[in-house]
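Structure, as structure tokens:
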Number of protein chains: 2
Amino acid sequence: MAYHHGRLRESLIDAAVTAIEQEGLARLSLRDLARRVGVSHAAPAHHFGDREGLLTAIAADGFERLASVLEEAGDDFLEVGVAYVRFATSERGRFEVMFRPDLHRRDDPGLTAAMDRAGDVLRSGAAAEPGDDRTNGLAAWSLVHGLATLWNAGAISIDEGTEVEVVARAVAGVLFGRTAGATGGASPADPVR
Amino acid sequence: MAYHHGRLRESLIDAAVTAIEQEGLARLSLRDLARRVGVSHAAPAHHFGDREGLLTAIAADGFERLASVLEEAGDDFLEVGVAYVRFATSERGRFEVMFRPDLHRRDDPGLTAAMDRAGDVLRSGAAAEPGDDRTNGLAAWSLVHGLATLWNAGAISIDEGTEVEVVARAVAGVLFGRTAGATGGASPADPVR
DNA sequence: CGCTGATCTTGTCAATGGCAAGATCAGCCC
DNA sequence: GGGCTGATCTTGCCATTGACAAGATCAGCG
């Protein structure tokens, strides 16, 4: 391998996300990441400083990605919520780091900027809802965030093979079906056993 | 100090919970716990085997406590939800460990029993709600769990000094106010800024 | 060619988790 | 009383880890 890796920073973030999804965030080791990528054990320090720096970078990158995903979901509040859950479960490694402030350098400008951007997108989505007091927005955010978290933790017992998206749509419908009138009724088939 | 500590197991759990709330789960160290309690660095191993064993014990204990708290909250679905949030935020150290299965020994009988008990209490609370399909129950659980998680992560920006309980009541009312007819309207004062 | 800064490596140290072996103690039976 | 037994805790040790320091390699540029 060449002396210069070339894309070490991105490779390390990718490797970290993969490692978290495989082994769990608890077992994440900088030296293991370096081995996975094929560099020396001290190489990560150059790009991230220390462990906290790496996790801060992962979180910042994650919030940027989340913001983009939510923007692409459009204006429909329910679709934004479904996209939120889809992101949290398909990018579990990133998501788990994002909401663990004890792992971050809170004053990192890249992180705060990314969080602000994601927060703005989330709030603009909430503004599209009728009767848009902040309480409704927080309720919606809590609902999808809680569902995603519980799903990732394996705390929800559901028929094997059920897709998150179906569950998310049904659960979100309980909240939005009454306030936004999107689907206009109870859940169609009750996917939660 | 006496050779035998006497209540080492409970003391270690208490110390761990305190340490997590002070320093964060990431910085939890068995040796630091031993120092806090005043025993040698190998003493915890006797009671918990390893780090995973300690965290499993904390989680099991946490689910037992959660079940008790929810039982005491009565039959009102909204009150159970508020109690859930109150527990999660006042016992943050325990709560953070409880929903991190990557830190547990999932086959531990004490843990599975405690989880089952808490799950039963949660489901019995959901059964009290009219139109009690499982989707509504999952929505309610997701809502309070998400609110608690976001609150603990410091992700919710709210006026300084606002109490979680007030927010929880308002947010939960968005869901229950329409389905269970408990409060019967929008939040009274909109505590979320 | 030689300078400069960025990138990566090697070497080292303190702290940690885990294991092994032994010391201390409480309870119990004779 | 005396000794056995198991539970509890300690000391000693090792591999791994995160962090730091110093040096090696490389690309770009004058």
Side-chain angles (χ1 to χ4, degrees), chain A residues 1-20 22-59 93 96-97 100-108 110, chain B residues 1-20 22-59 93 97 100-105 107-108 110:
Chain A
M1 176 164 301
Y3 190 93
H4 282 72
H5 182 281
R7 300 169 24 94
L8 183 55
R9 190 187 153 92
E10 305 158 35
S11 297
L12 283 171
I13 292 183
D14 285 348
V17 170
T18 305
I20 291 170
Q22 286 174 347
E23 311 281 342
L25 180 51
R27 280 187 261 272
L28 186 69
S29 143
L30 290 183
R31 287 171 114 102
D32 177 58
L33 290 185
R35 279 190 292 266
R36 285 177 185 242
V37 177
V39 293
S40 82
H41 67 262
H46 176 71
H47 293 276
F48 303 107
D50 55 4
R51 183 187 164 90
E52 217 178 30
L54 168 64
L55 294 169
T56 301
I58 293 177
E96 284 185 17
V97 175
R100 289 283 307 277
D102 57 315
L103 302 176
H104 306 155
R105 225 183 301 278
R106 305 185 88 177
D107 54 347
D108 182 88
Chain B
M1 176 164 300
Y3 191 94
H4 282 73
H5 182 281
R7 300 170 23 96
L8 182 55
R9 191 186 154 90
E10 305 157 35
S11 297
L12 283 171
I13 293 184
D14 285 348
V17 170
T18 304
I20 291 170
Q22 286 175 346
E23 310 280 342
L25 181 50
R27 280 188 260 272
L28 186 69
S29 144
L30 290 183
R31 288 172 114 101
D32 178 57
L33 290 186
R35 279 190 293 266
R36 285 176 185 242
V37 177
V39 293
S40 83
H41 67 261
H46 176 71
H47 293 275
F48 303 106
D50 55 3
R51 184 188 164 91
E52 218 177 31
L54 168 64
L55 293 169
T56 301
I58 293 177
V97 175
R100 288 283 308 277
D102 59 313
L103 302 176
H104 306 156
R105 225 183 301 278
D107 53 346
D108 182 88

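FYI, side chains are in, hydrogens and waters are out, and symmetry mates aren't considered; it's all heavy atoms of this structure. Order of the sequence lines fixes the chain letters, A, B, ..., with proteins taken first and strands second; residue numbering starts at 1 for each chain.
Checked against D:dA19, D:dT10, C:dG18, the side chain of A:Leu30 finds its nearest nucleotide in D:dA19. Looking at the side chain of A:Ser29, the nearest of the listed nucleotides C:dG17, D:dA19, D:dG18 is D:dG18. With distances taken from any side-chain atom of A:Val39 to the nucleotides C:dG18, D:dT10, C:dT9, the minimum falls on C:dT9.
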- Item | Intermediate values then yes/no, side chain to side chain contact (heavy atoms under 4.5 Å, CB included), A:Asp108 and A:Glu52 | CA-CA 11 Å; A:Asp108 182 88; A:Glu52 217 178 30; over 6 Å; no
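Toward the 5′ end of DNA chain D lies the nearest nucleotide of B:Ala42, the other residue of the pair B:Ala42 and A:Arg51 mapping further downstream.
Contact between the side-chain N/O atoms of A:His47 and the OP1/OP2 oxygens of C:dA6 is not found at any separation under 4.0 Å. A close approach under 4.0 Å does occur between a side-chain nitrogen or oxygen of B:His46 and OP1 or OP2 of D:dT8. Between B:Arg35 and the phosphate of C:dT16, there is a side-chain N or O to OP1/OP2 separation shorter than 4.0 Å.
Residue-level contact check: B:Leu28 touches the backbone only, with heavy atoms under 4.0 Å from sugar-phosphate atoms and none from bases.
For the side-chain contact (heavy atoms from CB on, under 4.5 Å) with A:Ile13, the qualifying choice from A:Leu8, A:Leu33, A:Ile58 is A:Ile58, the only one to do so.
A:Arg27 has its side chain out of reach of A:Asp32: every pair of non-hydrogen atoms, C-beta onward, lies at least 4.5 Å apart.
Under 4.0 Å is where a charged nitrogen must lie from a carboxylate oxygen, and between B:Arg36 and B:Asp14 no such pair does.
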